[in-house]
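Heavy atoms only: backbone and side chains are in, while hydrogens, waters and symmetry mates are out. Each residue takes its place number in the sequence, starting with 1.
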Amino acid sequence: MRKNQSSRRHFLKSTAGAAGAVAISSYFTARSWGEVVGANDAVRIATIGFKSRGGSHLSDISKNPGFRLTGLCDVDSLVLEAHAKKFPGVETYTDMRKLFESKNLDAVSI
């Protein structure tokens, strides 16, 4: 029994040490990347579907300065029109295939 406990303890210590090393190295790498300002300083994002979780996505995207909402897509035109009024100037789509063809898009939230 004691041998198993000892090997578990050794495993946990070595795992924690490795995780700490990875966390520290990724912190400095992420920090350096975060300081670089490029042409695409904001992610251009579109959202598909707004009922339930999609409405939450819209709220989070609009509050985050790292994202710029560029498209709204929903098959229900009444729902689409209601949300388009909240985000003037944002392109609207009822067909997601047309949304995917947009050159003004980096990511999609569904």
Side-chain angles (χ1 to χ4, degrees):
M1 270 297 204
R2 228 163 162 57
K3 188 171 187 170
N4 287 343
Q5 289 175 344
S6 177
S7 63
R8 273 190 233 132
R9 188 174 299 130
H10 175 70
F11 172 76
L12 289 173
K13 283 182 181 179
S14 62
T15 304
V22 169
I24 289 171
S25 66
S26 65
Y27 168 77
F28 288 110
T29 304
R31 183 172 167 225
S32 63
W33 277 105
E35 292 173 356
V36 175
V37 179
N40 295 326
D41 57 340
V43 176
R44 300 170 301 178
I45 191 165
T47 300
I48 300 175
F50 310 120
K51 291 188 177 178
S52 185
R53 186 72 181 132
S56 178
H57 286 194
L58 282 176
S59 175
D60 293 344
I61 290 167
S62 63
K63 292 176 186 174
N64 190 325
F67 294 124
R68 186 167 45 112
L69 186 63
T70 59
L72 300 171
C73 182
D74 200 300
V75 293
D76 188 339
S77 58
L78 295 175
V79 172
L80 181 60
E81 289 172 16
H83 282 84
K85 290 177 184 176
K86 298 175 190 175
F87 303 98
V90 174
E91 297 176 30
T92 58
Y93 303 87
T94 54
D95 186 347
M96 69 180 176
R97 293 172 291 192
K98 297 293 183 191
L99 169 69
F100 296 148
E101 292 173 0
S102 174
K103 302 293 181 198
N104 192 25
L105 182 65
D106 296 320
V108 176
S109 164
I110 301 176

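- Under the side-chain contact (heavy atoms from CB on, under 4.5 Å) criterion, T94 pairs with L80, sequence neighbours left out.
- Summarising the geometry, atom OG1 belonging to T92 is positioned 13.0 Å from atom NE2 belonging to H83; distances are rounded to the nearest 0.5 Å.
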Item to check | CA sep, side-chain torsions, deciding dist, call: F50, D76, side chain to side chain contact (heavy atoms under 4.5 Å, CB included) | outcome: CA-CA 10 Å; F50 310 120; D76 188 339; over 6 Å; no
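- I110 and L72 are assigned to two separate hydrophobic clusters, defined by single-linkage of ILVMFWY side chains at heavy-atom distances under 4.5 Å.
- Under the side-chain contact (heavy atoms from CB on, under 4.5 Å) criterion, L105 pairs with A46, T70, L99, S102, V108, not counting sequence neighbours.
- Using a 4.5 Å heavy-atom threshold, the side chains of E91 and N104 count as touching.
- Hydrophobic clustering places I61 together with V90 (ILVMFWY residues linked when any side-chain heavy atoms are closer than 4.5 Å, directly or through intermediates).
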Next on the checklist: Does I45 form a side chain to side chain contact (heavy atoms under 4.5 Å, CB included) with S109? I'd like the steps, not just the answer.
Outcome noted: CA-CA 7 Å; I45 191 165; S109 164; 4.2 Å; yes
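- Residues satisfying the side-chain contact (heavy atoms from CB on, under 4.5 Å) test with V75, not counting sequence neighbours, are none.
- A continuous path of Ile, Leu, Val, Met, Phe, Trp and Tyr side chains, each step under 4.5 Å between heavy atoms, connects L58 with F67, placing both in one hydrophobic cluster.
- When all heavy atoms of A42 and P65 are compared, the pair lying nearest together is CB-O, 4.3 Å.
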